[in-house]
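No hydrogens, no waters, no symmetry mates; every other heavy atom, side chains included, goes into these values. Letters A, B, ... are given to chains in the order of the sequence lines, protein chains preceding strands, and every chain is numbered from 1.
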Protein chains: 2
Amino acid sequence: MSFSVTILGSASARPTANRHPSAQIVNLEEQYYLVDAGEGTQQQMVRAGINPLKLRGIFISHLHGDHVFGLFPLISTLGLGGRKTPLDVYAPAPFGEILESHLKFFDKDLPYEVVWHETHTTRHELLFENRTLEVWSIPLRHRVPCAGFLFREKQPPLNVDKEKISELGLSIAQITAAKRGEDLTLDDGRIIPNEAITYIPYKARSYAYLSDTNFSAKAATLCTGVDLMYHEATYAADEQRNARDRGHATTLDAAKAALKAGAKRLIIGHYSSRYKDEEVLVREAQTVFAETYAAVEGKTFEIEKQK
Amino acid sequence: MSFSVTILGSASARPTANRHPSAQIVNLEEQYYLVDAGEGTQQQMVRAGINPLKLRGIFISHLHGDHVFGLFPLISTLGLGGRKTPLDVYAPAPFGEILESHLKFFDKDLPYEVVWHETHTTRHELLFENRTLEVWSIPLRHRVPCAGFLFREKQPPLNVDKEKISELGLSIAQITAAKRGEDLTLDDGRIIPNEAITYIPYKARSYAYLSDTNFSAKAATLCTGVDLMYHEATYAADEQRNARDRGHATTLDAAKAALKAGAKRLIIGHYSSRYKDEEVLVREAQTVFAETYAAVEGKTFEIEKQK
């Protein structure tokens with residue numbers, strides 16, 4: 001049961017020869033979610049070996065081109081690929097109008113439906129939920145309405161201690177009840193508290209995607225205890241003023257956010273094209289938050305299970 | 001005085017890990033023209049070392065996404081780069097509406113003007129002209145209105161024979177007149193016919209871009225004598241029927257067009273993603289037209305001067 005994040009793009013607005021604009025894949029148990037979709041997303045998915053037909057949902061933080069221009073070619077290609085399943089896209093307004101315009105000019109006969117779910121970038125709200133996952137919006141501070149996303153794995157079912165099963169001679173019905181968290185009443189009348197025979201197989205994991213934004217203590221707080229945080233770091237620390245004026249973050253802003261959230265690990269990205277070597281930025285962030293890593297195209301960050 | 005074509009994309013609608021959708025750069029004397037603009041064009045230009053700010057004009061054959069989705073991110077990036085010079089885009093209708101929609105949603109404050117020149121895809125007409133170049137439309141046969149482009153270098157100024165200059169003692173005014181093609185009257189009354197003292201330094205060169213299209217004898221005829229022809233070859237010869245039904249060409253269609261035009265060299269491209277090795281397609285075309293070459297990302301075809 002993998003929970004991982006694959007970087008498709010680490011650039012800010014201007015791509016370089018090696019860096020693509022923002023896009024990531026969150027993979028939970030072979031269910032794929034696309035987070036932002038800069039130009040070239042579909043080709044980056046091919047390179048990462050991810051079949052775009054398997055996408056379960058797309059989350060767009062804001063409507064700047066470097067986060068969304070790759071979505072429309074992808075929509076077209078999914079049509080060519082014969083997708084029939086509706087495609088859910090979570091994005092702020094006026095995405096609906098942009099989509100309508102795209103469909104009118106380029107995809108009049110799309111064989112599947114693109115379903116827009118409007119996100120409200122000032123609210124922390126549940127956007128998506130299925131058996132294993134919740135996705136929440138995280139309000140951010142950018143030049144245009146923008147929200148990050150918190151991917152929260154649901155608590156996995158309880159495991160029942162094998163030795164207790166044979167010691168107490170539990171039936172399948174009793175085991176199933178115990179997995180659900182119920183206390184058991186045995187045939188001899190003894191009551192067995194649930195916690196005496198079950199244990200959590202591993203802690204539910206989480207990933208926070210914060211881009212594009214100024215430092216926001218509130219956003220960081222909403223990600224408290226997150227296993228892995230991505231925070232944009234468009235600039236080095238000596239460009240603090242520039243970053244603030246443009247609604248972006250520095251390496252130290254990103255590190256402070258991870259520290260504030262008590263995150264286990266931090267990925268930085270969305271590098272300005274002026275920085276040729278992202279490791280310089282990583283080292284700067286590491287002075288505040290040691291567990292900082294660089295977003296690099298094609299790199300996958302696995303969130304391991306922990307008891 | 002270079003005249004070259006650089007391939008930015010050789011894929012058809014679906015990009016592969018290595019192939020980008022259609023885009024090419026025509027470079028005449030360090031003046032750059034973009035021909036079609038599939039997704040990723042701006043990054044492919046960076047990789048080819050071509051500064052997008054230097055673009056003199058953009059020619060779009062038709063409004064399928066794989067030929068135009070890269071134009072809008074490029075327009076945005078040119079704005080970030082501070083372009084002030086108007087950008088001329090030659091494309092069929094309703095490009096104006098698509099552009100308007102893009103500007104409304106993504107580039108309200110673009111610091112330069114994008115000037116749309118409507119092409120009429122059923123006419124062979126002069127679209128663009130400057131001191132050194134003419135660009136003509138070539139009507140094609142695709143599923144939607146589509147025209148290729150013929151880039152015709154203008155005949156370079158005549159050279160005056162150096163030995164004749166000293167033998168006849170020509171003045172600078174007389175040399176300039178001779179370069180313009182005039183006959184000369186010497187001080188002693190002798191009339192010197194222009195062709196006796198001048199010669200063509202090299203023949204004007206030409207490049208034809210034919211994509212997407214069924215085989216069209218008419219289009220080929222309009223390219224008669226072309227130095228270099230690009231013709232789409234989406235399919236191998238055994239997919240002739242499929243190609244015809246979809247408004248595309250096979251390897252042999254492309255070769256026949258080059259033969260019919262009397263082209264010197266042929267580039268094929270726009271390969272269906274089913275073909276992993278384009279050399280197989282090239283060898284097939286070479287059975288009809290020996291001088292066939294593969295479009296490959298980053299490859300530049302130089303058109304040498306010939307006397």
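Taking a 6.0 Å sphere around CZ of A:Arg47, one finds it holds more than 12 heavy atoms contributed by other residues, nucleotides or ligands. Other residues, nucleotides and ligands place more than 12 heavy atoms under 6.0 Å from the CD atom of A:Glu118. Annotation for A:Glu29: atom CD counts as buried by contact number, over 12 foreign heavy atoms lying within 6.0 Å.
For the set A:Ile98, A:Thr77, A:Thr16, the count of heavy-atom pairs under 4.5 angstrom toward chain B peaks at A:Ile98. When each of A:Ala11, A:Ser76, A:Gly40 is checked for heavy-atom pairs under 4.5 Å with chain B, A:Gly40 comes out on top. The candidate with the highest count of non-hydrogen atom pairs below 4.5 Å against chain B, out of A:Ala13, A:Gly38, A:Pro73, is A:Pro73. Considering only heavy-atom pairs separated by less than 4.5 Å from chain A, the leading option among B:Asn18, B:Val46, B:Val144, B:Val68 is B:Val46.
Of all the heavy atoms in A:Phe69 and B:His102, the pair that sits closest is CZ-CE1, 3.6 Å. Shown here for A:Gln43 and B:Ala17, the closest heavy-atom pair between the two residues is NE2-O, 3.5 Å. B:Ser101 approaches A:Phe105 most closely through the heavy-atom pair CB-CE1, 4.4 Å.
For the pair B:Gln42/A:Glu39, a side-chain contact is recorded, criterion being any heavy-atom separation below 4.5 Å from C-beta on.
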Applying side-chain contact (heavy atoms from CB on, under 4.5 Å), run through A:Phe72 and B:Phe72 and close with a yes or a no.
-> CA-CA 11 Å; A:Phe72 307 105; B:Phe72 306 105; over 6 Å; no
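Within residues 79-96 of chain A, the residues having any heavy atom less than 4.5 Å from a heavy atom of chain B are, in residue-number order, A:Leu80, A:Gly81, A:Pro94. The contact list for residues 20-28 of chain A toward chain B, using heavy atoms and a distance under 4.5 Å, reads A:His20 by residue number.
Of the two parts of A:Ser273, neither the backbone nor the side chain holds a non-hydrogen atom closer than 4.5 Å to a non-hydrogen atom of chain B. Proximity to chain B involves both the backbone and the side chain of A:Glu97, based on heavy atoms less than 4.5 angstrom apart.
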